[in-house]
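Inspection log for the structure reproduced underneath, given as structure tokens.
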Amino acid sequence: MHYHSSPFSLPTAYLLLGSNLGNRAAILRAAVQQLHTSAGPVTATSSLYETAPWGLSDQPAYLNQVVQLDTALSPEQLLAACLQTEQRAGRTRRIRWDARTLDVDILLYADLVLQTPELTIPHPRLPERRFALVPLVEIAADVVHPELGSAVAKLLAVCADELDVEKYIEPS
């Protein structure tokens with residue numbers, strides 16, 4: 001008989017963290033810790049990437065990171081944990097694509113396809129955004145986008161977005 005690691009293995013979710021205000025690297029580190037506590041064990045984190053702002057370009061550059069976690073939360077509960085993490089970091093939502101201390105987006109949740117007024121999974125703009133795809137591919141290149149049927153590495157290869165996404169080296 002073969003035993004899998006667990007018959008009750010938890011869904012794996014991929015979250016995109018972003019910050020372009022304050023001590024961006026420290027804010028992301030704190031967010032990863034908070035999500036580890038509130039949403040489920042973080043099993044992988046990408047490097048930090050410095051990325052050009054998307055949408056409203058007249059704002060500071062972002063640091064972005066993708067986090068992989070195993071969660072017992074439903075997608076709606078996970079969204080609530082993400083919003084709570086943003087609020088703890090001092091996030092205020094004024095205008096779309098505005099500068100923010102912290103943004104936490106659910107990119108993928110297992111192989112779920114979900115569309116409600118509050119939540120769309122997979123993230124609807126994931127295939128268009130190098131700042132999400134580059135860190136996601138770093139830790140999960142073979143994960144398949146459940147709607148498009150392509151590995152995320154393939155999505156990155158054909159992504160038309162030309163905004164800068166560079167590995168961030170923290171000043172020592």
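If you read the sequence from its start, that first residue is 1, and numbering goes on from there. Quantities reported herein were computed from a predicted structural model and do not represent experimental measurements.
Note that the CG atom of L16 and the CG atom of L126 stand 8.5 Å from one another [nearest 0.5 Å]. Note that CG of L133 is 8.5 Å distant from CG of D161, once rounded to the nearest 0.5 Å. To the nearest 0.5 Å, atoms CG (L112) and CD1 (I121) are separated by 5.5 Å. Taken from OG in S47 to CD1 in I169, the straight-line distance is 8.0 Å, to the nearest 0.5 Å. Rounded to the nearest 0.5 angstrom, L114 CG and L119 CG are separated by 5.0 Å. The structure places CD1 of I27 at 12.0 Å from CG of D103, a figure rounded to the nearest 0.5 Å.
Side-chain heavy atoms closer than 4.5 Å link hydrophobic residues (I, L, V, M, F, W, Y) into clusters, and following such links, possibly through other members, connects V143 to L136. L15 and V32 fall within the same hydrophobic cluster, where Ile, Leu, Val, Met, Phe, Trp and Tyr residues are linked whenever their side-chain heavy atoms come under 4.5 Å apart, directly or through other members. Linking Ile, Leu, Val, Met, Phe, Trp and Tyr residues whenever their side-chain heavy atoms come within less than 4.5 Å leaves L148 and V113 in two separate clusters.
When the side chain to side chain contact (heavy atoms under 4.5 Å, CB included) test is applied to A153, the partners found at least two apart in sequence or on another chain are V137, A141. Residues satisfying the side chain to side chain donor-acceptor pair (under 3.5 Å) test with D70, not counting sequence neighbours, are T12. With sequence neighbours left out, the side chain to side chain contact (heavy atoms under 4.5 Å, CB included) criterion links A44 to Q68, I139. Evaluation of the side chain to side chain donor-acceptor pair (under 3.5 Å) rule for E147 yields no partner, not counting sequence neighbours. Scanning for side chain to side chain contact (heavy atoms under 4.5 Å, CB included) contacts around T51 gives Y49, Y62, N64, F131, V165, with sequence neighbours left out. By the salt bridge (charged side-chain N to carboxylate O under 4.0 Å, His left out) test, E50 is found to be paired with R24, residues two or more places apart in sequence or in another chain being considered. Looking at residues two or more places apart in sequence or on another chain, you find a side chain to side chain contact (heavy atoms under 4.5 Å, CB included) between P11 and Y109, A110. For S150, the side chain to side chain donor-acceptor pair (under 3.5 Å) test picks out no residue, with sequence neighbours left out.
Of the possible donor and acceptor atoms, none in the side chain of D111 sits under 3.5 Å from a partner among the backbone N and O of P146. Put simply, the side chain of Q77 gets close to the backbone of S74: a donor and an acceptor are under 3.5 Å apart.
Among residue pairs with one or both ends in residues 134-143, none qualify as salt bridge (Lys or Arg N to Asp or Glu O under 4.0 Å); sequence neighbours excluded. Applying the side-chain hydrogen bond (donor to acceptor under 3.5 Å, both in side chains) test to pairs two or more places apart or on separate chains, none has a residue in residues 114-124. Sorted by first and then second residue, the salt bridge (Lys or Arg N to Asp or Glu O under 4.0 Å) pairs involving residues 32-45 (not counting sequence neighbours) form an empty list. Contacts classified as salt bridge (Lys or Arg N to Asp or Glu O under 4.0 Å) and involving residues 162-172 (residues at least two apart or in different chains) are given here: R29-E170.
Heavy-atom minimum distance, G90 versus T101: C-OG1, 3.5 Å. In plain terms, the two heavy atoms of L48 and A25 that are nearest each other are CD1-CB, 4.0 Å. The minimum heavy-atom distance linking I106 with C82 is given by the pair CG1-SG, 4.1 Å. Of all heavy-atom pairs spanning L35 and A81, the tightest one is CD2-O, 4.3 Å. Of all the heavy atoms in N20 and A61, the pair that sits closest is CB-O, 3.1 Å. L73 approaches S38 most closely through the heavy-atom pair CD1-O, 3.6 Å.
L21 places none of its side-chain heavy atoms less than 4.5 Å from the side chain of L102. For the pair H36 and P41, the minimum side-chain heavy-atom distance is below 4.5 Å. A 4.5 Å side-chain heavy-atom check between L10 and T71 finds every atom pair outside the cut-off.
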Stepwise, does the side chain to side chain contact (heavy atoms under 4.5 Å, CB included) test hold for H145 with K154?
-> CA-CA 10 Å; H145 189 291; K154 285 201 177 123; over 6 Å; no
